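Here's the structure we're looking at; comments come further down.
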Amino acid sequence: MGPEAHWREALAEGRLLLQRTAEGNAIFPPRVAAPGTGEGELEWFEASGRGTIYSLTWVQRRPPQEPYNVVIVELDEGARLMSRVEGVTPETLSIGQDVTAFVDTSGEDPILLFRPVGDAA
Amino acid sequence: MSDVFPRGRTAIAGLATYGVGEAPGHSSMELTAKAGLMALDDAGMTLADVDALYVCQPTDFFAGLSFAEYLGIRPRYTDNNRTGGSAFMSHIASAALALEAGYIDCALIAYGSNQRTSGGKLATKITNNQWDEPYKPLFPLSSYALAAARHMHVFGTTREEMASVALAARAWAQTNPEAFARGPLTMEDCLSARMISTPLSKADCCLVTDGAAAIVMTRMDRAKDCAKVPVPVLGSAAATWWNSVAQAPNLTMTGARESGERAMAMAGVTPADIDTAQLYDAFTINTILFLEDLGFCAKGEGGPFVASGAIAPGGSLPVNTNGGGLSCCHPGMYGLFAIIEAARQIRGEAANQLDDVNIALAHGNGGTLSSQATVILGSMATL
């Protein structure tokens, strides 16, 4: 199984995995070798799920559909990824905001989403 | 490691645009072939002279093969690079090196798209990668919106400043008969335009048009015998920093920082030497980012720079003098049109001709601020 399939298997179990290099640099998306060095000894670990909003956009839709957000999250471990923050509005979502990850398994494919820190799970 | 480039030893000998705006009833290949043949005619050359093809088409991933077949030639070298709208700057780099080495003698670089009259939407099969796609960012628009939002957050850049990029482009377009969007445009129009993916509204987005473009490149000794005065290629460099914006180490700084520095070093020029810059303005934030990254103003000062009127007609740095992708044309991969406007300014053939243009910069952008490539063209006086 390749790293991507391994990551997706974990996600389906509700876990957010990252890889790290021997130097401790966190990596996402999962790879067969460390970016930049080609170093092959990558270690899987379970991410804290905590991060902050690096940037965000609200994609507008034809009313009455509500706009939805697309964000780049910087995880506390250092890696970045694209996602969506649930339970927020354009007024309550901002760059620099602390968020925490959860896996939504209600759809066809499990999806990694975030909610603001402090919101009830 | 410094670059090696045959400065001024190859040149653009011919150029043409065709079907800019709307070209109903034409296929992309027809438009491309027309522009290619017109560029050869402009150079005083024929198809028989062409031994290398560099081509992109909106949806044909075998475009190099299709184009050779369509023209009925058997090129010694065919390049169908897909770095996005910057591909043509890379084409110039590889053509210059192959020409200098004697591997080829005459390169035809061409592009054409009927995306407006064939459907009116951005005609590409390229989309977000599998990590980003589940979150449905509009491709490619939301990626640029994420860059703009970050730039606004870090540097205080405003929507008004971004709108001034669109207003400058429109002002240039209004006196360019080839430009597609020449109607009046006000700050109020821009600020009240329909929001698409915050903070980018429709007024921040490039046009969707048809259009084709082509250039002919050959070695300088031969270019001197062509029909038009050669436009020497002084430098060309491409930078590849990421594909998805989620993986950008710093979303307010693009690979234009690298491509511009390298291309200018090859050419032996600095930003102060550039008489006009043609920057791939797929969105208004692009122009701001590239002005900063290419060194025309400090990082973070792109907003105030464009708001000062510096890039508009009468400003200190004429940018996108044809109206750019925002107001002249944007058939999907604009890079070659930026190159042609730069070459026209050097030749003295531009619709909005500037005085004494000796050094012109053309900058291409591909993907989602992913591929950045810069070409420096000069007049014969710069050799």
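Since this is a predicted model, take the numbers as computed values, not measurements. A, B, ... follow the sequence lines: proteins, then strands. Residue 1 opens every chain.
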| Can you say whether A:Arg62 sits under 4.5 Å from chain B via the side chain, the backbone, both, or neither, judging by heavy atoms? | neither
| request: Could you tell me which portion of A:Phe28 (side chain, backbone, both or neither) has an atom closer than 4.5 angstrom to a non-hydrogen atom of chain B? | output: both
| message | As an exercise: rank B:Gln247, B:Met195, B:Met152 by heavy-atom pairs under 4.5 Å with chain A and give me the winner. | response | B:Gln247
| query | Is B:His153 close to A:Ser94 at the side-chain level, that is, under 4.5 Å between some pair of heavy atoms? | reply | no
| field | Distance in Å, B:Ser142 OG paired with A:Leu56 CG, rounded so as to fall on 0.5 Å steps | value | 11.0 Å
| task | Can you measure from CD1 (A:Ile72) to OG (B:Ser143) and round to the nearest 0.5 angstrom? | result | 7.5 Å
Count the heavy atoms of every other residue, nucleotide or ligand shown that sit under 6.0 Å from [atom1] of [X], and state whether that count exceeds 12.
| X | atom1 | value |
| --- | --- | --- |
| A:Gln19 | CD | yes |
| A:Glu41 | CD | no |
| A:Arg50 | CZ | no |

| task | Specify which of A:Arg61, A:Glu4, A:Arg84 makes the most heavy-atom pairs with chain B at under 4.5 Å. | result | A:Glu4
| field | Smallest separation among heavy atoms of B:Leu146 and A:Val70, with atom names | value | CD2-O, 3.6 Å
| query | Closest approach of B:Pro249 and A:Tyr54, non-hydrogen atoms and distance? | reply | O-OH, 4.2 Å
| message | So, applying side-chain contact (heavy atoms from CB on, under 4.5 Å) with A:Val59, which one of B:Leu138, B:Ile196, B:Leu141 is it? | response | B:Leu138
| task | Step by step, work out the side chain to side chain contact (heavy atoms under 4.5 Å, CB included) result for B:Tyr135 and A:Leu113. | result | CA-CA 9 Å; B:Tyr135 309 104; A:Leu113 299 174; 3.9 Å; yes
| request: Could you tell me whether a side-chain N or O of A:Arg80 sits under 3.5 Å from a main-chain N or O of B:Val245, the two making a donor and an acceptor? | output: no
| request: Say whether, by atom type as modelled, one donor and one acceptor occur between the side chain of B:Thr198 and the main chain of A:Thr57 under 3.5 angstrom. | output: no
| said: One pair to check against side chain to side chain contact (heavy atoms under 4.5 Å, CB included): B:Asn128 and A:Met82. What are the steps and the verdict? | reply: CA-CA 11 Å; B:Asn128 304 297; A:Met82 198 170 278; 5.8 Å; no
| remark: When the 4.5 angstrom heavy-atom criterion is applied to B:Ala248 and chain A, the contacting part is backbone
| field | Verdict with supporting geometry, B:Arg150 and A:Ile95, side chain to side chain contact (heavy atoms under 4.5 Å, CB included) | value | CA-CA 8 Å; B:Arg150 183 74 193 173; A:Ile95 292 177; 3.5 Å; yes
